[in-house]
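For reference, the structure is listed below as structure tokens.
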Amino acid sequence: PSFVFPTFQGSSPEGDFPAVLTHKDVTVTLENNNVWKQFHSCTTEMILTKQGRRMFPYCRYRLSGLEPMRMYTLVLSIVPADQYKYRWSNSKWEPTGIGEHHDQGLSRVFSHHYSPSQGSAWMTSLVSFYKLKLTNNMSDEEGHIILHSMHRYIPRLHVIPAVDECMTFVFPQTEFMAVTTYQNFRITQLKINHNPFAKGFREEGSCSRLNRIITKVRHVTEAG
DNA sequence: TCTCACACCTTTGAAGTGG
DNA sequence: CCACTTCAAAGGTGTGAGA
């Protein structure tokens with residue numbers, strides 16, 4: 001199956017994108033659609049690092065309509081959403097020329113760690129690609145997905161039955177900008193508020209980061 | 001723009017504990 | 001045995017300064 005990628009809009013009204021896609025009796029639900037929609041409305045950004053960075057949000061699906069006894073491999077690929085490179089300018093993303101060529105030889109896919117499994121196994125639990133890591137290191141040997149910073153990408157879920165043809169599912173709201181430093185402050189705030197690993201940066205109640213810093217400074221001052 | 005050391009946090013899994 | 005708790009190590013965060 002081929003896909004037409006949506007045109008770039010920067011932000012879009014909520015509810016534009018389906019949380020459910022169906023192809024040949026197979027239905028895929030983007031389970032964390034609400035979080036993706038929040039990020040997408042600010043244009044999602046994903047950090048690239050040399051050693052590899054997890055995505056947040058990550059792709060989390062619920063599948064139905066698979067043949068229970070059949071074996072399937074589930075794979076996530078991340079492909080360019082368009083041919084441009086971008087810059088963050090005046091609080092907006094704007095195209096700034098033709099992007100880097102997407103090296104097919106270098107492009108990588110991420111096979112879910114339960115692959116292959118029976119259809120029944122895939123359908124009884126959520127399928128989360130939280131282990132997937134993104135890197136800008138062209139010489140990466142860890143098998144991470146290699147992307148170019150300041151380019152726009154879209155994840156695709158591939159459902160591959162043992163011998164039949166591959167089914168590909170694309171949720172436009174999972175599109176993101178690859179960056180090495182967050183450009184949009186609103187994205188940083190969304191990450192901090194939603195990702196458990198970033199809890200240390202939340203400003204809540206009397207235990208805020210600012211208060212802790214002040215306390216620490218006071219401590220050092222009193223000790224010295 | 002990119003990289004790194006860092007404080008701060010969650011997650012993981014082994015070891016301990018009681019029924 | 002099993003279920004639950006405790007604990008320390010491993011490892012995921014954005015930061016902020018320097019390149």
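None of the values given here were measured: they were computed from a predicted structure. Sequence lines set the chain letters: A, B, ... in the order given, protein chains first and strands last, and positions in each chain run from 1.
With hydrogens and angles left out, the side-chain atoms of Thr168(A) and Arg156(A) include no donor and acceptor closer than 3.5 Å.
Within the 4.0 angstrom heavy-atom criterion, no nucleotide atom of any strand lies near Phe56(A).
Here the P atom of nucleotide dT15(C) and the NZ atom of Lys199(A) are 18 Å apart, to the nearest Å. In this structure, CD1 of Ile47(A) is placed 13 Å from C1' of dG16(C), rounded to the nearest angstrom. For Met55(A) and dG14(C), the CE to C1' distance is 18 Å, given to the nearest whole Å. One interatomic measurement links the two molecules: CG of Leu147(A) to P of dT1(B), which rounds to 17 Å at whole-angstrom precision. As rounded to whole Å, 11 Å separates atom P of dT13(C) from atom CG of Leu134(A). We find that CD1 of Ile187(A) is positioned 16 Å from C1' of dT13(C), with the value rounded to whole Å. Protein atom CD of Glu45(A) is 13 Å distant from nucleotide atom C1' of dT1(B), rounded to whole Å. A straight line from CZ of Phe201(A) to C1' of dC8(B) spans 7 Å, rounded to a whole angstrom.
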>> With side chain to side chain contact (heavy atoms under 4.5 Å, CB included) as the criterion, how do His23(A) and Phe169(A) come out once you've worked through the C-alpha distance, each side chain's angles and the decisive distance to 0.1 Å?
In response: CA-CA 8 Å; His23(A) 179 73; Phe169(A) 298 88; 3.6 Å; yes

Could you list, one pair per line, each protein nitrogen or oxygen that sits under 3.5 Å from a nitrogen or oxygen of nucleotides 2-5 of chain B, together with the distance?
| residue | atom | partner | partner atom | Å |
| --- | --- | --- | --- | --- |
| dC2(B) | OP2 | Ser149(A) | OG | 3.0 |
| dC2(B) | OP2 | Thr180(A) | OG1 | 2.5 |
| dC2(B) | O5' | Thr180(A) | OG1 | 3.2 |
| dT3(B) | OP2 | Asn136(A) | ND2 | 3.0 |

N/O to N/O distances under 3.5 Å, protein versus nucleotides 10-12 of chain C:
| residue | atom | partner | partner atom | Å |
| --- | --- | --- | --- | --- |
| dG12(C) | OP1 | Lys133(A) | NZ | 3.2 |
| dG12(C) | N2 | Phe197(A) | O | 3.2 |

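Checked against ring-ring contact (aromatic ring centres under 6.0 Å, His included), His151(A) has the following partners two or more places apart in sequence or in another chain: His148(A). Among residues two or more places apart in sequence or in another chain, the salt bridge (Lys or Arg N to Asp or Glu O under 4.0 Å) test is passed with Glu100(A) by none. With sequence neighbours left out, Glu31(A) forms a salt bridge (Lys or Arg N to Asp or Glu O under 4.0 Å) with Arg62(A). The salt bridge (Lys or Arg N to Asp or Glu O under 4.0 Å) check on Lys24(A) picks up Glu165(A), with sequence neighbours excluded. The ring-ring contact (aromatic ring centres under 6.0 Å, His included) check on Tyr61(A) picks up Phe171(A), with sequence neighbours excluded.
The salt bridge (charged side-chain N to carboxylate O under 4.0 Å, His left out) pairs that include a residue from residues 130-140 of chain A are Arg108(A)-Asp140(A), where partners are two or more places apart or lie in different chains.
Note on Lys191(A): every side-chain N or O is 4.0 Å or more away from OP1 and OP2 of dG14(C).
Nearest-nucleotide positions on DNA chain B for Trp88(A) and Pro196(A) put Trp88(A) closer to the 5' end.
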Distance-only donor-acceptor hits, side chain of residues 176-188 of chain A, under 3.5 Å, sequence neighbours excluded:
| residue | atom | partner | partner atom | Å |
| --- | --- | --- | --- | --- |
| Gln183(A) | NE2 | Thr181(A) | O | 2.7 |
| Asn184(A) | OD1 | Arg186(A) | N | 3.0 |
| Asn184(A) | ND2 | Cys42(A) | O | 3.2 |

